[in-house]
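For clarity, every value in this text was computed on a predicted model and none was experimentally measured. Per chain, numbering begins at 1; letters A, B, ... match sequence-line order.
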Amino acid sequence: MPVARPESSDSRVIAHVDMDCFYVQVEQRRQPDLRGQPTAVVQYNAWKGGGLIAVGYEARKFGVKRSMRGDEAKSVCPEIQLVTVPVARGKADLSIYRNAGSEVVAILSRKGRCERASIDEVYLDLTEAAEKMLSETPPESVEAINDEVIKSHVLGLSAEPSDVRQTVREWLCQRNADRRDKLLACGAFIVAELRMQVLKETQFTCSAGIAHNKMLAKLASGMNKPAQQTVVPFASVESLLDPLPIRKMKQLGGKLGHSLQDDLGVNTVGDLLQFSEEKLQDRYGINTGTWLWNIARGINGDEVESRVLPKSHGTGKTFPGRNCLKTIDGIERWLSKFSEELAERLEADLEQNKRIAQTLTLHASASKANEAQSQKKFPSKSCPLRYGTNKILEDALNLFQAGLREYLSSSSKAHGNGCSGWGITNLSISASKIVDIPSGTCSIMKYFHSQDQRYPSSKEFDDKEIHESTALSPSVGSESSSRKHLLEPETECSKDGTKMNIVMNIVMQAHLDDKSRMFEEKTQTSFCRESLPSSTSAKKNEPQLDSVGEETVIKDAISGNRSQDQKGKAFKEKQGTSSILQFFQTQNCSSSIQEPKEETVNAIQETAESSCSGKADDTVPLESGGIRNMHHSADQSRVACMYKIDEIDPNVVDELPREIQEEVRAWLRPQKRANNTTKRGSSITHYFSPNKNM
DNA sequence: ACGGTTGGTACT
DNA sequence: TAGTACCAA
């Protein structure tokens, strides 16, 4: 539901830039012969010529629509050039378009705050740039006025077609105008400039809207396409909105818009004006009601977020109709492809942007077969994300398994055979909760990248570490404040500390992952990686190296980071909480893990075995978390819990891989130690001791 | 139960 | 919170 936000200012200069039939342009740049020809981009042209996902303007003249199939487009426009989206790993791969979008963003972000709203759209807050221009080089002083600016459309300007250009010129340069209009005029200059830069540097055209808020800018960008820009002066807002069909407004193209029409008889934005704020709040809730009341008046306080990178990465596919997936094997085959792609994109993000994702989520849709399930939804499941194709696959399979059990749980009998009662029509995985890695983390990055490669030959195993056991220092801070600290960073300081926590968390998890694998080898005990009856390819016995060139990645990480290890070291924690707070998010810790003093090797081993014995038997909830289970088990029978660690004991650092010890110490150093910190001869394994505060 | 894929936000 | 629902393009 939309939410009302207060306007920070009613004189902001906001632009919305929208690439014209973007995918088509990308293809036309790749293949210049296509320029000027009616063109459309399709994916999967096997069935009825594929589905159109972008249509060029030449083709639109023939009536080609985005909702058509390729064959249909051919019949309407025999000359049409259909370009197929690249396919990788059996599915459409949009990366070339994503990357092209990044090229554009890099240019558009030069003049002000920039929000990447989608693969081909951005919002810009040009308020400061416009104010600066107004004070330094106001339009009226500009000598040679750019043609691109003159071609702007200014809503509400009445002029004979013959002298539109002159009228626009006068409006843009009027000396004694409303300040707000002058600012928009400056915005028009700046945007025209940016659009020309985009064209020059990428060969792409785009359209834009310039207005006082995001909603109006978005509305305007679509009014004159392609390759044009539209300005919405304050004075013409009312006449713009009044006759506008309600569904044209962003957020009102779906159910809410229909409800407005069906329940309130609102057909245009103007119709909304007759309803009091209270009435709207009454019907749609306080937030949405206020939001509606505001947008009817052209008021919209949404800020342009400063964000040029996506908040999540996802990949998936639909399996419509008979193509639905009915076996675990089929699921696994596809999850394997998805995992590859996701791992690749995550690696790229790590390399290019120094970011790591924390959560892996699996989404699926299932169709009936058995009527009881027909309306039930397949639940989404998520777990902490571990880097590396195979880990992602393993976790995703577990998530699927957990979801499937839940989906099937209410229904009758297990259809034990291969053709059980379910069919997956849509399957996807995504990585989210992406955070920046603090600067100065060269060795950490390296360690991170190398995770998958290290495994088979790791030599760090050392029982001594495992045996020296003592209790975990009791928590000092309140849990809620700690949690809040981790999850809702509020200040720069705390944010930096939070990043540190997260990185530490992940490094330690990965480290422990290694250790548990070594237990596995040493004790000849196999862990139950998955309780899948039939799944075989997330194999515990053949740790695969991820094939994608990680060595180069490492090198890049090293060289790339050297330049920037100065900043960010000065990180402080706010308010008393001087320790690094550690949270280990797990899926499966019910109250009792082994006694802290217990010999950990055995305890872990036992856990592993019990975990195995519970195989394929959801009636036996795992009570204690083996280390492996702790981070990744998505077994449905286990409940989520979080290990809370309030303090990193300095001794722990000694147990981390040597290559990152230095760096971690550098982090810890500026920390003020909590006075009640209990110093102990500790082991990293302490952090997996039970925490009664949970 | 199909335009398909990818992403965002808000609510609970 | 994790999970859901809705929205957009």
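Counting to the nearest Å, the C1' atom of B:dT5 and the CZ atom of A:Phe22 are 16 Å from each other. Atom pair A:Asp302:CG and B:dT9:C1' shows a separation of 10 Å (rounding to whole Å applied). As a whole-Å value, the separation of A:Trp47 CH2 from B:dG3 C1' is 9 Å. If you measure from atom CD1 of A:Ile286 to atom P of B:dC11, you get 12 Å, rounded to the nearest angstrom. Computed from coordinates, the A:Trp334 CH2 to B:dT5 P distance equals 9 Å when rounded to whole Å. The CG atom of A:Leu52 sits 14 Å away from the P atom of B:dG3 (whole-angstrom rounding). As a whole-Å value, the separation of A:Tyr97 OH from B:dT6 P is 12 Å. Rounded to whole angstrom, the span from the CD1 atom of A:Ile53 across to the C1' atom of B:dC2 amounts to 15 Å.
Among the protein residues, A:Arg345 comes within range of the sugar-phosphate backbone only, with heavy atoms under 4.0 Å from sugar or phosphate atoms but none that close to a base. A:Phe319 comes within contact range of no nucleotide atom at all, as no heavy-atom separation falls under 4.0 Å. Here A:Lys433 lies in heavy-atom contact (under 4.0 Å) with sugar-phosphate atoms only.
One P atom belongs to C:dG3, the other to B:dG3, and the distance between them is 28 Å to the nearest Å. Of the C1' atoms belonging to C:dA2 and B:dG4, the separation is 26 Å, rounded to the nearest Å.
A cation-pi arrangement, defined by a distance under 6.0 Å to the six-membered ring centre and an angle within 45 degrees of its axis, is present between A:Lys317 and A:Phe319.
Nucleotides of DNA chain B nearest to A:Arg307 and A:Arg69 differ in position, and the one nearer the 5' end is that of A:Arg69. Two residues, A:Thr288 and A:Gly314, neighbour DNA chain B, and the one matched to the more 5' nucleotide by heavy-atom proximity is A:Gly314.
Taking side-chain N and O atoms only, A:Lys48 has no distance below 4.0 Å to OP1 or OP2 of B:dC2. Phosphate proximity of B:dC11 to A:Asn287: present, with a side-chain N or O under 4.0 Å from OP1 or OP2. When the side-chain nitrogen and oxygen atoms of A:Arg98 are compared with OP1 and OP2 of B:dG7, one or more of them lie within a distance under 4.0 Å.
Between the side chains of A:Asn267 and A:Gln261, a donor-acceptor pair is found at a separation under 3.5 Å. For A:Thr315 and A:Glu341, the side-chain atoms include at least one donor-acceptor pair closer than 3.5 Å. One side chain, A:Thr84 or A:Asn45, offers a donor N or O that lies under 3.5 Å from an acceptor on the other.
Aromatic pair A:Trp422/A:Phe378: centroids not less than 6.0 angstrom apart. Residues A:Tyr97 and A:Phe22 place their aromatic rings such that the two centres sit no closer than 6.0 Å.
For A:Thr315, taking side-chain heavy atoms from C-beta onward, the closest of the listed nucleotides B:dA10, B:dT6, B:dT9 is B:dT6. Looking at the side chain of A:Ser367, the nearest of the listed nucleotides B:dT5, B:dC11, B:dA1 is B:dA1. Comparing B:dT6, B:dT5, B:dG8 against the side chain of A:Thr318 picks out B:dT5 as the nearest. Comparing B:dG4, B:dG8, B:dA10 by their nearest atom to the side chain of A:Val3 picks out B:dA10. Considering only the side chain of A:Ser312, B:dG8 comes nearest among B:dG8, B:dT5, B:dT6.
Base pairing in DNA chain C yields stems of at least 3 consecutive Watson-Crick or G-U pairs, both distances under 3.5 Å, namely B:5-12 with C:2-9.
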**OP:** Please assess A:Ser207 against A:Asn224 for the test side-chain hydrogen bond (donor to acceptor under 3.5 Å, both in side chains), listing each intermediate value before the final yes or no.
**Re:** CA-CA 7 Å; A:Ser207 300; A:Asn224 296 283; over 6 Å; no
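Checked for salt-bridge contact, A:Glu27 and A:Arg30 meet the test: a charged N lies under 4.0 Å from a carboxylate O. Under the 4.0 Å criterion applied to side-chain N and carboxylate O atoms, A:Arg5 and A:Glu303 are not assigned as salt-bridge partners.
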**OP:** Heavy atoms under 4.0 Å is the rule here; annotate nucleotides 3-9 of chain C 5' to 3' with B where the base is hit, S where only the sugar-phosphate is, and - elsewhere.
**Re:** SSSSSSS
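In plain terms, the two heavy atoms of A:Thr230 and A:Met223 that are nearest each other are OG1-CB, 4.3 Å. A:Ser409 approaches A:Glu406 most closely through the heavy-atom pair OG-O, 2.7 Å.
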